[in-house]
Amino acid sequence: MTEPLFDEEGRTRFGTSGAVRVRVPAKINLHLGVGPLRPDGYHELTTVYHAISLYDEVTARRGDRLTLTMEGEGTGELPVDESNLVLRAARVLAAATGAPAHARLHLRKQIPVAGGLAGGSADAAAALVACDALWGTSLSRDQLAGIAAEVGSDVPFLVLGGTSLGTGRGEVLSPVLVRPIMWHWVVAVADGGLSTPEVYAHLDELRAAGKAPAPLTAPDDLLAALRQRNPELLAGCLGNDMQAAAVALRPALAETLAAGADAGALGGIVSGSGPTVVFLARDGAHAQLLADDLADSGTCRTALVATGPVAGARPV
Ligand code: ATP
């Protein structure tokens with residue numbers, strides 16, 4: 001009998017000479033409460049992360065140095081040099097484990113760049129899981145999540161996936177444990193991205209001028225709605241402190257939000273720092289109808305259906 005290549009967490013003990021292909025989801029924030037700016041330049045966050053079935057893929061193969069190629073969203077715009085989060089993550093893993101940073105990495109990208117879906121962080125999480133398997137460093141998922149926090153605030157969540165409460169700058173995670181349920185989403189992808197630091201800066205300006213809506217309070221009602229598995233309740237609890245700033249910087253987002261509401265979405269919200277907008281549907285059929293209406297509305301580049309929660313970065 002042959003030994004399984006991966007254990008139940010997707011780890012391999014001895015490294016592998018073949019290719020390791022890792023799939024990683026995008027994240028949305030069901031709740032994104034932005035607190036004050038900290039002395040270290042980060043905002044204090046209270047967020048509920050949710051991983052959805054829109055995926056990037058990182059494939060790792062043996063090589064005699066560290067290289068990256070890519071295809072799909074962002075090809076030609078995104079650098080494939082050391083500033084790419086895939087290579088940054090691989091370097092951080094090599095430094096933490098002592099493994100030589102040798103791999104040929106390939107990124108297949110579907111998650112829109114600078115979309116508020118944490119695609120770059122997702123790619124970093126996938127690179128960590130792929131290189132851990134290729135190099136046989138065999139870290140636990142919690143160890144990988146610890147290393148992930150060095151790469152970026154959203155990266156630990158994308159290693160774990162599911163639905164999680166995030167605090168600190170988003171990297172301190174407590175999984176939201178609920179009976180299994182599948183939520184149905186429509187993801188309205190915008191033309192072009194928004195810079196996360198610019199959206200934070202604009203929120204700070206709006207707040208200083210007294211022009212921002214009152215900050216969100218703790219997501220207790222949202223967590224209760226998740227536990228009750230009630231989509232209408234959940235829709236009423238979605239909240240994002242960054243939405244006002246994202247809409248101010250990209251006024252067309254108000255039209256996308258209105259188009260989703262007119263099409264009968266249970267609720268809609270700007271995802272993270274935008275400009276992607278996500279809508280909650282009653283079920284899969286409702287999500288498909290909504291996506292068709294949104295695509296016809298001309299208020300987004302494309303509208304995709306997705307479900308959540310899904311697992312974090314995993315070998316496939
Ligand atoms: P955030 O996680 O800040 O909310 P986002 O979802 O809005 O980000 P990302 O797609 O994660 O946006 O990318 C933000 C920036 O990160 C990009 O504009 C790019 O400069 C840089 N970046 C580096 N590596 C990657 C990568 N592999 N994929 C996407 N962006 C990357």
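Read the numbers this way: they start at 1 and go in the same order the structure lists the ligands and their atoms.
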Closest protein heavy atom to [atom], given as residue, atom name and distance to 0.1 Å:
{"atom": "atom 11 (O) of ligand 1", "answer": "Gly120 N, 2.8 Å"}
{"atom": "atom 17 (C) of ligand 1", "answer": "Val113 CG1, 4.1 Å"}
{"atom": "atom 6 (O) of ligand 1", "answer": "Ala118 N, 2.6 Å"}
{"atom": "atom 4 (O) of ligand 1", "answer": "Thr196 OG1, 3.5 Å"}

Query raised in the report: Once you round to the nearest 0.5 Å, how far does CG of Asp296 lie from CG of Asp292?
Result: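 Between Asp296 CG and Asp292 CG, I get 7.0 Å after rounding to 0.5 Å.
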
Requested in this report: Any chance you could measure His106, atom NE2, to Met70, atom CE, to the nearest 0.5 Å?
Outcome: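 With rounding to 0.5 Å, NE2 (His106) is 8.5 Å from CE (Met70).
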
Query - Test item: Lys27 side-chain N/O and Gly116 main-chain N/O as donor-acceptor pair under 3.5 Å - result: yes

Query raised in the report: If only atom types and distance count, is the side chain of Asp154 paired as donor or acceptor with the main-chain N or O of Ala122 below 3.5 Å?
Result: no

Report task. Could you tell me which residues satisfy side chain to side chain donor-acceptor pair (under 3.5 Å) with Glu57, sequence neighbours excluded, listed by chain and number? Result -> Arg21, Arg108

Are more than 12 heavy atoms from other residues, nucleotides or ligands located less than 6.0 Å from atom [atom1] of [X]?
{"X": "Asp293", "atom1": "CG", "value": "yes"}
{"X": "Glu198", "atom1": "CD", "value": "no"}
{"X": "Tyr200", "atom1": "OH", "value": "yes"}

**Report entry** Within-cutoff protein neighbour (heavy atom, under 4.0 Å) for atom 23 (C) of ligand 1
**Finding:**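 It does; a protein heavy atom is within 4.0 Å.
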
With a 4.0 Å cut-off on heavy atoms, is [X] touching ligand 1?
{"X": "Gly116", "value": "yes"}
{"X": "Gly115", "value": "yes"}
{"X": "Met70", "value": "no"}

Requested in this report: Give yes if a backbone or side-chain nitrogen or oxygen of Leu194 is under 3.5 Å from a nitrogen or oxygen of ligand 1, and no if not.
Outcome: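 Checking ligand 1 against Leu194, no N or O pair falls under 3.5 Å apart.
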
Query raised in the report: Is there at least one pair of N or O atoms, one from Lys27 and one from ligand 1, spaced under 3.5 Å apart?
Result: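 No; the residue has no nitrogen or oxygen that sits under 3.5 Å from a nitrogen or oxygen of the ligand.
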
**Report entry** Between Thr276 and Ser271: side-chain donor-acceptor atoms closer than 3.5 Å
**Finding:** no

Requested in this report: Could you check which of Asp81, Leu117, Leu78, Leu107 puts a non-hydrogen atom nearest to atom 31 (C) of ligand 1?
Outcome: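 When every heavy atom of Asp81, Leu117, Leu78, Leu107 is considered, Leu78 comes closest to atom 31 (C) of ligand 1.
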
**Report entry** Closest candidate by heavy atom, reference atom 28 (N) of ligand 1, pool Asp123, Leu158, Val86
**Finding:**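 Of the listed residues, Asp123 has the closest heavy atom.
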
Requested in this report: From the options Thr137, Val20, Leu105, select the one residue that forms a side-chain contact (heavy atoms from CB on, under 4.5 Å) with Cys131.
Outcome: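 Result for side-chain contact (heavy atoms from CB on, under 4.5 Å) with Cys131: Leu105.
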
Identify, by atom number and element, the atoms of ligand 1 in contact range of [X], meaning under 4.0 Å from any of its heavy atoms.
{"X": "Gly119", "answer": "6 (O), 10 (O), 11 (O)"}
{"X": "Leu85", "answer": "23 (C), 24 (N)"}
{"X": "Ala114", "answer": "5 (P), 7 (O), 9 (P), 10 (O), 12 (O), 13 (O)"}
{"X": "Asp154", "answer": "2 (O)"}

